[in-house]
Amino acid sequence: SYTLLLDALTPLLTPLRCRQLMRLVGAPELQAAAPLIPCLAQALPDSAPLPDLPPDQARQRLQNALVALILGLACTAPHLWVLEDLQWADAETLSLLPLLRPYLAQSRTLLLLTGRSAELRANPVAWEALQALDRGGAFPRYRLDRLDTDAVADLVQRLLGSDENDDDAFILTEHLMQESAGVPLYLVETLKTWRDEGHLIPGERGTWRWRGDVATAPTPRLGATVIEHRLSQLSPALQERALLAAHRAEDHPAGLRFGQLQPLGAQGDRHPPVVLGEGQVEEWLLEAAVSYTHLRAHETSLHLVCRLLLEK
């Protein structure tokens with residue numbers, strides 16, 4: 001299905017880009033990729049259909065066409081491809097990465113891949129793709145560890161505009177370390193929750209101050225309660241749409257797409273797509289998080305929904 005790749009590739013294929021790719025890549029490659037990317041068909045002249053091939057050869061033709069598209073786009077302008085959370089990526093996208101690897105040094109194409117090391121190792125397809133990338137030459141890797149107490153203390157001091165001798169900063173650091181365990185995502189969400197609930201108030205010169213007694217700081221809302229807290233800020237109409245999104249995500253958790261929501265109705269009928277403007281993307285991400293309530297038994301889906309809500 002190449003879901004992860006198509007999410008990144010399709011928005012780039014404007015009519016102008018398609019015409020440029022026609023000259024740079026050629027009609028056969030565009031024709032091979034057109035079943036996956038319908039907008040390419042509009043740029044194709046009337047031509048005979050491609051010959052039928054055995055499944056393995058047809059798959060190879062499609063992969064070669066997608067590689068050609070990526071390299072063709074790099075001829076029009078430098079491109080940075082950010083593919084996040086490879087541990088959840090579809091097998092087709094993963095299989096394409098080693099095929100693209102030999103061309104990167106000569107192309108204006110840069111790949112940035114992110115993933116969780118433990119989950120990548122537990123996913124044989126994802127791990128083999130990374131191993132194949134390494135076999136093609138050293139692929140730089142950067143490990144992002146949890147924050148230690150000193151790093152969290154420095155963040156709190158900068159937030160409050162204080163120093164290491166400030167009692168409030170020391171207490172908040174302890175709270176944050178206890179509840180977040182140094183995970184930056186949880187730490188940021190804790191601060192956001194305290195801000196939204198009125199405990200952290202903007203101060204002078206870009207700093208913040210704590211309202212009331214820091215020693216009585218409420219336990220931060222993590223996990224399910226963080227999501228519930230964020231969802232509570234949505235309007236009733238958006239919450240209703242979120243429920244529809246959750247039902248759709250239950251059957252197709254990897255099909256959540258930015259900018260478009262196509263939920264299933266009560267009778268299984270498909271509603272017209274709801275296209276979101278740029279300023280509404282964050283609301284859509286918030287809506288998707290309600291899947292948490294419906295997908296407790298589907299851990300992978302839960303992780304995906306939480307990522308959409310909390311990391312974007």
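- Between the side chain of Asn123 and the backbone N or O of Glu119 there is no donor-acceptor pair closer than 3.5 Å.
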Apply the test side chain to side chain contact (heavy atoms under 4.5 Å, CB included) to residues Leu147 and Val183: give CA-CA distance (whole Å), side-chain angles for both, the deciding distance (0.1 Å), then the verdict.
-> CA-CA 6 Å; Leu147 299 177; Val183 177; over 6 Å; no
N/O donor-acceptor pairs under 3.5 Å from side chains in residues 70-77, not counting sequence neighbours:
residue	atom	partner	partner atom	Å
Thr76	OG1	Leu73	O	2.6

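- Across every non-hydrogen atom of Ala169 and Gln157, the tightest pair is CB-CG, 4.3 Å.
- Here the closest heavy-atom approach between residue Ala126 and residue Leu86 is recorded as CB-O, 3.9 Å.
- Leu159 approaches Leu191 most closely through the heavy-atom pair CD2-CD2, 4.0 Å.
- Counting heavy atoms of neighbouring residues, nucleotides and ligands inside a 6.0 Å radius, atom CZ of Arg121 does not exceed 12 of them.
- Leu44 CG to Leu30 CG: the interatomic distance, rounded to the nearest 0.5 Å, is 5.5 Å.
- Judged by distance alone, with hydrogens and angles left aside, the side-chain atoms of Thr93 form no donor-acceptor pair with the main-chain N or O of Ala89 at under 3.5 Å.
- A donor-acceptor pair is defined here as one N or O able to donate and one able to accept, closer than 3.5 Å; such a pair exists between the side chain of Asp90 and the backbone of Leu4.
- Using cut-offs of 30° and 60° for the angle between ring planes, the His199 and Trp210 rings count as parallel.
- Leu69 and Tyr103 end up in the same hydrophobic cluster when Ile, Leu, Val, Met, Phe, Trp and Tyr side chains are linked at under 4.5 Å.
- A pairwise comparison of heavy atoms in Asp7 and Pro11 identifies O-CD, 3.3 Å as the closest pair.
- In terms of modelled atom types and a separation under 3.5 Å, the side chain of Glu84 and the main chain of Thr114 share no donor-acceptor contact.
- Note on Leu50 and Met22: separate hydrophobic clusters, where clusters join Ile, Leu, Val, Met, Phe, Trp and Tyr whose side-chain heavy atoms are under 4.5 Å apart, directly or indirectly.
- Distance CG/Leu200 to CG/Leu172: 7.0 Å, rounded to 0.5 Å.
- Going from atom NE2 of His175 over to atom CZ of Phe170 covers 11.0 Å, rounded to the nearest 0.5 Å.
- Among all heavy-atom pairs drawn from Leu99 and Gln63, the shortest one is CD1-OE1, 3.4 Å.
- Asp154 has a carboxylate O that lies under 4.0 Å from a charged side-chain N of Arg158, or vice versa, which qualifies the two as a salt bridge.
- Summarising the local packing, CG of Leu112 is surrounded by more than 12 heavy atoms from other residues, nucleotides or ligands at distances under 6.0 Å.
- To the nearest 0.5 Å, atom CG of residue Leu66 and atom CG of residue Leu9 are 7.0 Å apart.
- Taking CG of Leu94 as the start and OH of Tyr2 as the end, the distance is 11.0 Å to the nearest 0.5 Å.
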Under the salt bridge (Lys or Arg N to Asp or Glu O under 4.0 Å) criterion, do Asp134 and Arg141 qualify, and how do the steps go?
-> CA-CA 10 Å; Asp134 283 338; Arg141 296 190 184 185; 2.5 Å; yes
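- Counting only heavy atoms from C-beta outward, the side chains of Tyr186 and Leu176 never approach each other to under 4.5 Å.
- Here CG of Leu6 is found 6.5 Å from OG1 of Thr3. Values are rounded to the nearest 0.5 Å.
- Ionic pairing of Glu128 and Arg135 is present here: one or more N-O contacts between side-chain nitrogen and carboxylate oxygen are shorter than 4.0 angstrom.
- Pairs engaging residues 50-79 under the salt bridge (Lys or Arg N to Asp or Glu O under 4.0 Å) rule: none recorded [sequence neighbours left out].
- Using a 4.0 Å cut-off between a side-chain N of Lys or Arg and a carboxylate O of Asp or Glu, Arg143 and Asp145 qualify as a salt bridge.
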